[in-house]
2 protein chains.
Amino acid sequence: MVRYEHPPISAVSARDVFQALSDPIRLEIVRRLARRGAQNCAELSDARPRSTMSHHFKVLRDAGVVRTLAQGTEHINSLRGDELESRFPGIVAMILDENEERPKADAAALVR
Amino acid sequence: MVRYEHPPISAVSARDVFQALSDPIRLEIVRRLARRGAQNCAELSDARPRSTMSHHFKVLRDAGVVRTLAQGTEHINSLRGDELESRFPGIVAMILDENEERPKADAAALVR
DNA sequence: GTTGTATTTCGAAAATAATCGAACAATGTA
DNA sequence: TACATTGTTCGATTATTTTCGAAATACAAC
């Protein structure tokens, strides 16, 4: 039985969370978990190699963002949403970022 | 006169902010700005080479986290705190992360 | 036990990011 | 004008991260 380590939420640092969420694939994983709830690794992998995804899940786990639970042969991932939100209020909304501008072409606009 | 570009806050993405704050030096810069207000580049540089710091300021500016204003020969940096906070409520507290556990040795504690 | 499915670990290659010296630019002052 | 100060840009080096195939592990069903 694979036993995953998950840091207690109090030990999770902002830095680790920022770092975990700075990768586009990981951010997408987390957004899906936030929107559609727990999913196994395969469901979240699109066409990417398993070893790649396994690495990303590990980064997310170690950062305290995601919890992985082995259920028979599949491992289901879930966002540690309530815990994260109590540790860093607002973080879940930021992850979802509903207000994100699309397309971001005009990011080039000059200000000052 | 150097003219810095700053993206409008509406064009700032969560991803870019996460990425900008994922570096320990940049996070430290931002924490100092949040705590002690605007400062010029030199004050924030500790003993690091200017070219290195210049790079970090650029990343922070491009991500929409910091604003740089040329004032004579020095360039003063400030956190875009209110703007960031309205775009991503809670982000400033997360940056400051007052509840951060120190030391984080016990992060190794096993849960589940 | 063998097979099949799901996932991790290992190790190496490729991509990305950080670092930093040297040269350059802008400003203020003598 | 010359000089000192502050910070940027360029280019090369190093360090870190991501990617991914191959081999290994765990479990469930036959």
Inset, instruction - Any ring pair (Phe, Tyr, Trp, His ring centres under 6.0 Å) involving residues 14-33 of chain B? Give me the pairs, sequence neighbours left out, ordered by first then second residue. - result: none

Inset, instruction - Figure out the CG/C1' separation between B:N77 and D:dT6, and round it to whole Å. - result: 12 Å

Legend entry - Whole angstrom value for the distance that separates C1' of C:dT8 from CG of A:N40: 15 Å

Inset, instruction - Assign each of A:V59 and B:E74 to its nearest nucleotide of DNA chain D by heavy atoms, then name whichever residue's nucleotide is nearer the 5' end. - result: B:E74

Inset, instruction - Look at all strands and tell whether A:H56 reaches a base, only sugar-phosphate, or nothing, counting heavy atoms closer than 4.0 Å. - result: sugar-phosphate

Legend entry - B:D23: partners by side chain to side chain donor-acceptor pair (under 3.5 Å), with sequence neighbours left out: none

Inset, instruction - To the nearest Å, give me how far apart CZ (B:F57) and C1' (D:dG7) are. - result: 10 Å

Legend entry - Members of residues 18-27 of chain A that approach DNA chain D, where some heavy atom sits under 4.0 Å away: A:D23, A:I25, A:R26

Legend entry - Protein-nucleotide distance (B:L60, atom CG; D:dT8, atom C1'), rounded to Å: 16 Å

Legend entry - Residues touching DNA chain C, which here means a heavy atom under 4.0 Å, drawn from residues 42-53 of chain A: A:A42, A:R50, A:S51

Legend entry - Sequence neighbours excluded, every pair satisfying ring pair (Phe, Tyr, Trp, His ring centres under 6.0 Å) that has a member inside residues 59-98 of chain A: A:Y4-A:H75

Legend entry - Any residue meeting side-chain contact (heavy atoms from CB on, under 4.5 Å) with A:A34, in chain and number order, not counting sequence neighbours: A:L79, A:L96

Legend entry - Set of side-chain contact (heavy atoms from CB on, under 4.5 Å) partners for B:T52, sequence neighbours left out: B:P49, B:H56

Inset, instruction - Could you tell me the separation between the CD1 atom of A:I29 and the P atom of D:dT18, rounded to a whole number of Å? - result: 11 Å

Legend entry - Side-chain N,O (B:Y4) to OP1/OP2 (D:dT8) below 4.0 Å: yes

Inset, instruction - Nearest whole angstrom, please: distance from the P of C:dT7 to the CG of A:L69. - result: 13 Å

Inset, instruction - Tell me, please, which residues at least two apart from B:A42 pass side-chain contact (heavy atoms from CB on, under 4.5 Å). - result: B:N40

Please list, pair by pair, any protein nitrogen or oxygen found under 3.5 Å from a nitrogen or oxygen in nucleotides 1-4 of chain C.
none

Legend entry - Partners meeting salt bridge (Lys or Arg N to Asp or Glu O under 4.0 Å) with B:R32 (sequence neighbours left out): B:E28, B:D46

Inset, instruction - Ignoring backbone atoms, test whether B:H75 places a side-chain nitrogen or oxygen under 4.0 Å from the OP1 or OP2 oxygen of D:dT6. - result: no

Inset, instruction - Output yes when at least one side-chain N/O atom of A:R61 is less than 4.0 Å from OP1 or OP2 of C:dT7, else no. - result: no

Legend entry - Any donor-acceptor N/O pair, B:R48 side chain to B:M53 backbone, under 3.5 Å: no

Inset, instruction - For A:E85, check side-chain contact (heavy atoms from CB on, under 4.5 Å) against everything at least two apart and list the hits. - result: A:P89, A:I91, A:V92

Legend entry - ring-ring contact (aromatic ring centres under 6.0 Å, His included) against B:H55, all qualifying residues, sequence neighbours excluded: none

Legend entry - Gap between atoms NE2 and C1', on A:H55 and C:dT16 respectively (whole Å): 13 Å

Legend entry - Contact check, side chains of A:D62 and A:D16, non-hydrogen atoms, under 4.5 Å: no

Inset, instruction - Could you check how far NZ of B:K58 sits from P of C:dA18, rounded to whole Å? - result: 13 Å

Inset, instruction - Could you tell me the separation between the CD atom of A:Q19 and the CZ atom of A:R15, rounded to the nearest 0.5 Å? - result: 5.5 Å

